[in-house]
Amino acid sequence: MTDRPPIRFRGRSFLAMVLAPVPPIDQWLAELDALKQRAPAFFSVRAIILDVTGLRFERSDLAQLCEELSRRSITILGIEGIGPTSLGPGFPPPLVGGKPVEDIAPPEPGAATPEAPAAQASAPALVAPPAPSRPRSFVLDAPVRSGQVIQHLDGDVTVLGSVASGAEVIAGGSIHVYGALRGRAIAGAVGDPGARILARKFEPELIAIDGLYKTADDLGGARWGQAVQARLEGDAIVLVPFD
């Protein structure tokens, strides 16, 4: 039996368009219908997020709104503004941590739609801005408690305290923990094989670099409790002492 390459988990960033309903919802849906009538393909070529921040929706109200959007062939990939609580079957997943970008202007009456060749030149470009030449770092001067998730995909994450069991740190670059690493550390989350994980006291539940991961059981007792640097060598995570 031939050895298979390890499973990789990678992050990927897409620019999505946000729909934010405004009460009264019936009137908002009528305005949406008018927009779809003059630009039928406006929503079909974009990822759509539903933002219900500030709206006092019951579960049944949200279900009805999702159904109304589905009838209009608007597929919702996620819901923002409801917190991390799972809505259960039949609902898009909740989303947190989105970053606003420039508004996308709806087409004016008579304007070309994405179905027309002219739209390739005139429509707003849905591309992410170029990455900065030097990644930005995020420094957290407090411990990461159990249940907390720290995510920074634009560069390194430095934790001046410890990362508790049940906590998670996700970085686009490297992760530096000046205390004990007892939770999960995911470095190079958007595709960076040069990312590293460094901890003053290495006791993680899981580590991952550029999609390759190891659990505590996989790591065994090697370097446990020591000051450790984890990095990639080919398709393997290696642990190196740095004291």
Using the rule that Ile, Leu, Val, Met, Phe, Trp and Tyr join whenever any side-chain heavy atoms are under 4.5 Å apart, tell me whether L35 and L29 fall into a single cluster.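 Per the 4.5 Å side-chain linkage, L35 and L29 are co-clustered.
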
Identify whether V149 and I186 are in the same connected component of the hydrophobic contact network (ILVMFWY, side-chain heavy atoms under 4.5 Å). yes

Could you state the interatomic distance from [atom1] ([X]) to [atom2] ([Y]), rounded to the nearest 0.5 Å?
X: F138; Y: D154; atom1: CZ; atom2: CG; value: 11.5 Å
X: L65; Y: I76; atom1: CG; atom2: CD1; value: 7.5 Å
X: E80; Y: D51; atom1: CD; atom2: CG; value: 4.5 Å
X: L69; Y: L19; atom1: CG; atom2: CG; value: 6.5 Å
X: K214; Y: L239; atom1: NZ; atom2: CG; value: 6.5 Å
X: Q226; Y: E203; atom1: CD; atom2: CD; value: 10.5 Å

What are the two closest non-hydrogen atoms of [X] and [Y], and how far apart are they?
X: W224; Y: A216; value: CH2-CB, 4.1 Å
X: C66; Y: P92; value: SG-CD, 4.2 Å
X: F242; Y: Q229; value: CD2-N, 3.6 Å
X: L206; Y: Y213; value: CD1-CD1, 4.0 Å
X: I237; Y: A230; value: CG2-CB, 4.3 Å

[Y] and [X], any side-chain heavy atoms less than 4.5 Å apart:
X: L232; Y: L212; answer: yes
X: V238; Y: R231; answer: yes
X: F91; Y: L50; answer: no
X: I48; Y: V18; answer: no
X: D33; Y: R72; answer: yes
X: L160; Y: L140; answer: no
X: S70; Y: T75; answer: no
X: Q148; Y: E168; answer: no

Short question: side chain of [X], backbone of [Y] - any donor-acceptor pair under 3.5 Å?
X: S162; Y: P143; value: no
X: E205; Y: G166; value: yes
X: D210; Y: D192; value: yes

Using the salt bridge (charged side-chain N to carboxylate O under 4.0 Å, His left out) criterion, which residues pair with R145? Sequence neighbours excluded.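 Expected list: none.
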
Who pairs with R71 by salt bridge (charged side-chain N to carboxylate O under 4.0 Å, His left out), at least two apart in sequence or on another chain? E67, E68

Go through the steps to decide whether D217 and T215 satisfy the test side-chain hydrogen bond (donor to acceptor under 3.5 Å, both in side chains), and finish with yes or no. CA-CA 5 Å; D217 291 339; T215 65; 4.9 Å; no

Tell me, yes or no, whether the heavy-atom count around E31 atom CD, taken from other residues, nucleotides or ligands under 6.0 Å, exceeds 12.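 Yes, enclosed.
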
Could you give me the CA-CA distance, side-chain angles and deciding distance for V240 and V228, then say whether side chain to side chain contact (heavy atoms under 4.5 Å, CB included) is met? CA-CA 6 Å; V240 180; V228 166; over 6 Å; no

Side-chain donor-acceptor pairs under 3.5 Å in residues 170-181, sequence neighbours left out?
residue: S174; atom: OG; partner: R196; partner atom: N; Å: 2.9

